[in-house]
2 protein chains.
Amino acid sequence: MKNTSIEIVIIEDEEDILELVEYHLQKSGFETMGFLSTQNVEQFLEEENPSLMIIDRNLPECEGSEFVAELRKYGCNIPVIFLTAKDRDEDIEEGFIRGGDDYITKPFKPKELVLRVQALLRRSGITSNEKIKYRDLILDIPNRTLTIENNLVELTNLEFKLLHTFIKNPNITLDREFLRDEIWGENGANFNDKTINVTINRLKKKIDPTGEKEYFIPVWGVGYKLG
Amino acid sequence: MKNTSIEIVIIEDEEDILELVEYHLQKSGFETMGFLSTQNVEQFLEEENPSLMIIDRNLPECEGSEFVAELRKYGCNIPVIFLTAKDRDEDIEEGFIRGGDDYITKPFKPKELVLRVQALLRRSGITSNEKIKYRDLILDIPNRTLTIENNLVELTNLEFKLLHTFIKNPNITLDREFLRDEIWGENGANFNDKTINVTINRLKKKIDPTGEKEYFIPVWGVGYKLG
DNA sequence: ATAAGTTGATAACAGATTGATAACAAATAT
DNA sequence: ATATTTGTTATCAATCTGTTATCAACTTAT
């Protein structure tokens, strides 16, 4: 399953509204992640690096704009849209001062919400979050990191390139010649084919030390494929 | 708070409103340039490169959103806020679709307008009146100063540019080529890649002498990223 | 079924590459 | 003229990556 789409976090304690927002965003091609409170959101932000946040202000335990201010204090720069019933002038001002990018008051028009999301993403220079997922692997291309079940796994440059190539081509057997050209390029003239085995092996050990997940399936006499 | 050098174009055919908008923006430190129609605006954009545009839709001879769509077609990427009485759902949608970044309906609250202008400028990377934070670093762009835990840290011009570039691109590994282009520019033709190491190192030592905070994480064979 | 041959897995090693750091020199600004 | 900034070079240290050797697994021919 390939995914290069844009992910949006929504924090809203009223379930129907949360569902409504998620429905419209998904319909427009966004991936969404809903939360009923700010709990666990910070962890999620770190792990997933979503592209945008929509947040209510009247949340249980935590006031939405204070939460955003806190995030900003720690350098989190995610685009934020407040979606809230708090519509007094002072409320709106506070929302922007605390780091919001846009402020929509309830009741809201779903179509306008989507357009404002798109406008904000455009202006933030976000076209796609460039994350590729495969089974429980999450490859963050610009960040050059691999996350497996919320654990960061360190990869070398070569290993990253190799894994990227495989995840870009799932369910396809990549033969040794292809891998040599793709990963090692031209200078692989006098190139020991065992090098591929060794490199795959090192990668295997890093992302699946126990060997139980069988990510790389050897295809005899040909190459490997991702399983 | 000074916003010298940030210039905002306002296109509005009702003179009182134009004056009102200009008054509030100037009070917040912006330079303004008002137009009663779209006439001569294009020429002004080319010559002055203003940072933001506020535009009415019901203008004599020309519909504001069509004007913006036209600008966009020719590659003009200036942040645009519509300020208009056209408040039907379809009007608002049209405003965003034609390239607007924000949409404010009349009657409007001047304070909110200013805040929306500031938010949009911030998000557009026009930060000269802003501070950028990352972890415990506070970068004051107009003053070109760095504060760490309330201590002023002296940076050279080059170091400031480098740190700014990294903070503008969090969660992204910046490769050596990008850094060379971005920081050193074109004249880096015969350019020793070790220069990057050395410069990063000097910066590291200034902002984290003990090396315990690990701001700059080397990515082997690629570049660095902010940690 | 089995043995021979081929291919892949794994570990250890060594060379190569890359980054860190310090010292120096050139350039620039004050 | 002096101080500061910036680029270069040299040395050292860390890490990567290709090679080799050995063992294990698979294929095929008999």
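Any value given below was found using the heavy atoms of this structure, including those in side chains, with hydrogens, waters and symmetry copies removed.
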Does OP1 or OP2 of D:dG18 have a side-chain N or O of A:W184 closer than 4.0 Å? yes

Give the rounded distance in Å between these two atoms: CZ of A:R180 and C1' of D:dG18. 15 Å

Taking protein heavy atoms under 4.0 Å as touching, what does nucleotides 14-23 of chain C look like 5' to 3' if B marks base contact, S marks sugar-phosphate-only contact and - marks none? ---BBBSBBB

Between B:F82 and B:F96, does the ring centroid distance fall short of 6.0 Å? no

Pairwise N/O distances under 3.5 Å, protein to nucleotides 27-30 of chain C:
none

Main-chain N/O of B:T165 paired with B:N169 side-chain donor or acceptor, under 3.5 Å: yes

To the nearest 10°, give me the bend of the helix from C:dA1-D:dT30 to C:dT30-D:dA1, comparing the axes of its five terminal pairs at either end. 40°

Side-chain N or O of B:T195 closer than 4.0 Å to phosphate OP1/OP2 of D:dT8: yes

Of all residues at least two apart in sequence or in a different chain, which pass the salt bridge (charged side-chain N to carboxylate O under 4.0 Å, His left out) check with A:R72? A:D101

Suppose we screen for salt bridge (charged side-chain N to carboxylate O under 4.0 Å, His left out). Which residues come up paired with B:K205, at least two apart in sequence or across chains? none

Can you tell me how far P of D:dT15 sits from NZ of A:K206, to the nearest Å? 11 Å

Close approaches to DNA chain D from residues 155-164 of chain A, in residue order (heavy atom, under 4.0 Å): A:T156, A:L158

Quick check against the 3.5 Å criterion: does B:D136 have a side-chain atom that pairs as donor or acceptor with the backbone of B:E149? no

Give every residue pair that meets the salt bridge (Lys or Arg N to Asp or Glu O under 4.0 Å) criterion with at least one member in residues 157-170 of chain B, sequence neighbours excluded. B:E159-B:K206

With B:K27 via salt bridge (charged side-chain N to carboxylate O under 4.0 Å, His left out) - residues at least two apart: none

Across all chains, not counting sequence neighbours, the salt bridge (charged side-chain N to carboxylate O under 4.0 Å, His left out) partners of A:E154 are none

Salt-bridge contact A:E70-A:R98 (side-chain N to carboxylate O under 4.0 Å): no

Sequence-distant partners of A:F30, ring-ring contact (aromatic ring centres under 6.0 Å, His included), two or more places apart: none

Please give, in whole Å, the distance from C:dG8 P to A:I217 CD1? 15 Å

In chain order, what residues pass the side chain to side chain contact (heavy atoms under 4.5 Å, CB included) check against B:Y134, with sequence neighbours excluded? B:I167, B:P170, B:L226

Quick test of your reading: applying ring pair (Phe, Tyr, Trp, His ring centres under 6.0 Å), list the pairs with at least one residue in residues 196-227 of chain A, sequence neighbours left out, ordered by first then second residue. A:F166-A:F216

Short question: side chain of B:E48, backbone of B:P50 - any donor-acceptor pair under 3.5 Å? no

